Amino acid sequence: VKGMVAVLDIDMLPNGLVTSVVVSQSSGDPAFDRSAVQAVKKVDRFEEVRKIPPDIFDRRYRNFKFTFNPGDLRRWSITYC
């Protein structure tokens, strides 16, 4: 697992509900990629998103890329689409 990275494309509604999560860049390990997708699906809804003003949500959070790197679970990144 060390050194593996999967990039996920995530779509959400303004209420924080995840509507889609797909692997946009594979780690090269299908089991690792599935695990990353399942982790996001398990969350299902990001409650804090409800506090984001609608214009900012649409611009930055409706569709975004999430880099899953378990080598250091304290570090992660989001790329806005």
Side-chain angles (χ1 to χ4, degrees):
V1 174
K2 187 175 181 175
M4 283 194 201
V5 173
V7 179
L8 307 177
D9 284 335
I10 299 173
D11 295 334
M12 279 194 301
L13 296 176
N15 65 4
L17 181 67
V18 174
T19 58
S20 173
V21 56
V22 295
V23 176
S24 64
Q25 181 180 334
S26 174
S27 67
D29 181 334
F32 179 85
D33 295 348
R34 280 191 307 274
S35 178
V37 168
Q38 288 303 315
V40 173
K41 287 182 176 181
K42 186 175 181 178
V43 171
D44 186 49
R45 184 183 307 265
F46 293 89
E47 295 294 334
E48 292 297 315
V49 169
R50 294 177 182 203
K51 298 176 184 176
I52 299 172
D55 60 323
I56 294 173
F57 172 82
D58 284 336
R59 202 169 46 243
R60 297 186 176 178
Y61 299 102
R62 184 174 294 277
N63 312 100
F64 64 95
K65 291 188 182 294
F66 180 83
T67 302
F68 185 78
N69 177 358
D72 183 355
L73 292 176
R74 295 171 294 175
R75 299 172 73 194
W76 52 274
S77 67
I78 294 175
T79 304
Y80 306 116
C81 297

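From a predicted model like this one, the values you see are computed outputs, not experimental measurements. Reckoned from all heavy atoms, side chains included, excluding hydrogens, waters and symmetry mates.
- From Arg62, atom CZ reaches atom CD1 of Ile10 across 14.5 Å, with rounding to the nearest 0.5 Å.
- For Asp9 (side chain) and Asn63 (main-chain N/O), no donor-acceptor pair under 3.5 Å exists by modelled atom type.
- We find the CZ-OG distance between Phe68 and Ser27 to be 9.5 Å, quoted to the nearest 0.5 Å.
- Proximity of Asp44 to Leu17: side-chain heavy atoms (C-beta onward) are separated by under 4.5 Å at one or more points.
- Note that CG of Leu8 is 7.0 Å distant from OG of Ser24, once rounded to the nearest 0.5 Å.
- The aromatic rings of Tyr61 and Phe64 sit perpendicular to each other, their planes meeting at more than 60°, with 30° as the lower class boundary.
- Put simply, Val21 and Val23 are part of the same group of oily side chains (I, L, V, M, F, W, Y) that touch within less than 4.5 Å, one to the next.
- A donor and an acceptor atom, one from each side chain of Asp11 and Thr19, are nowhere located under 3.5 Å apart.
- Nearest approach of Val49 to Pro14, heavy atoms of both residues: CG1-O, 3.7 Å.
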Check your understanding: Does the pair Ile56 and Arg59 meet the rule for a side-chain contact (heavy atoms from CB on, under 4.5 Å), with working shown?
Key -> CA-CA 5 Å; Ile56 294 173; Arg59 202 169 46 243; 3.6 Å; yes
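- The CD atom of Glu48 lies 3.5 Å from the NZ atom of Lys51; values are rounded to the nearest 0.5 Å.
- For the pair Arg45/Asn15, a side-chain contact is recorded, criterion being any heavy-atom separation below 4.5 Å from C-beta on.
- Between Val5 and Thr67 the shortest side-chain heavy-atom distance falls below 4.5 Å.
- Connection of Met12 to Val7 is not established within any shared hydrophobic cluster, with ILVMFWY side chains joined at heavy-atom distances below 4.5 Å, either directly or through further cluster members.
- Note that CG of Leu13 and CZ of Phe46 are 12.5 Å apart. Values are rounded to the nearest 0.5 Å.
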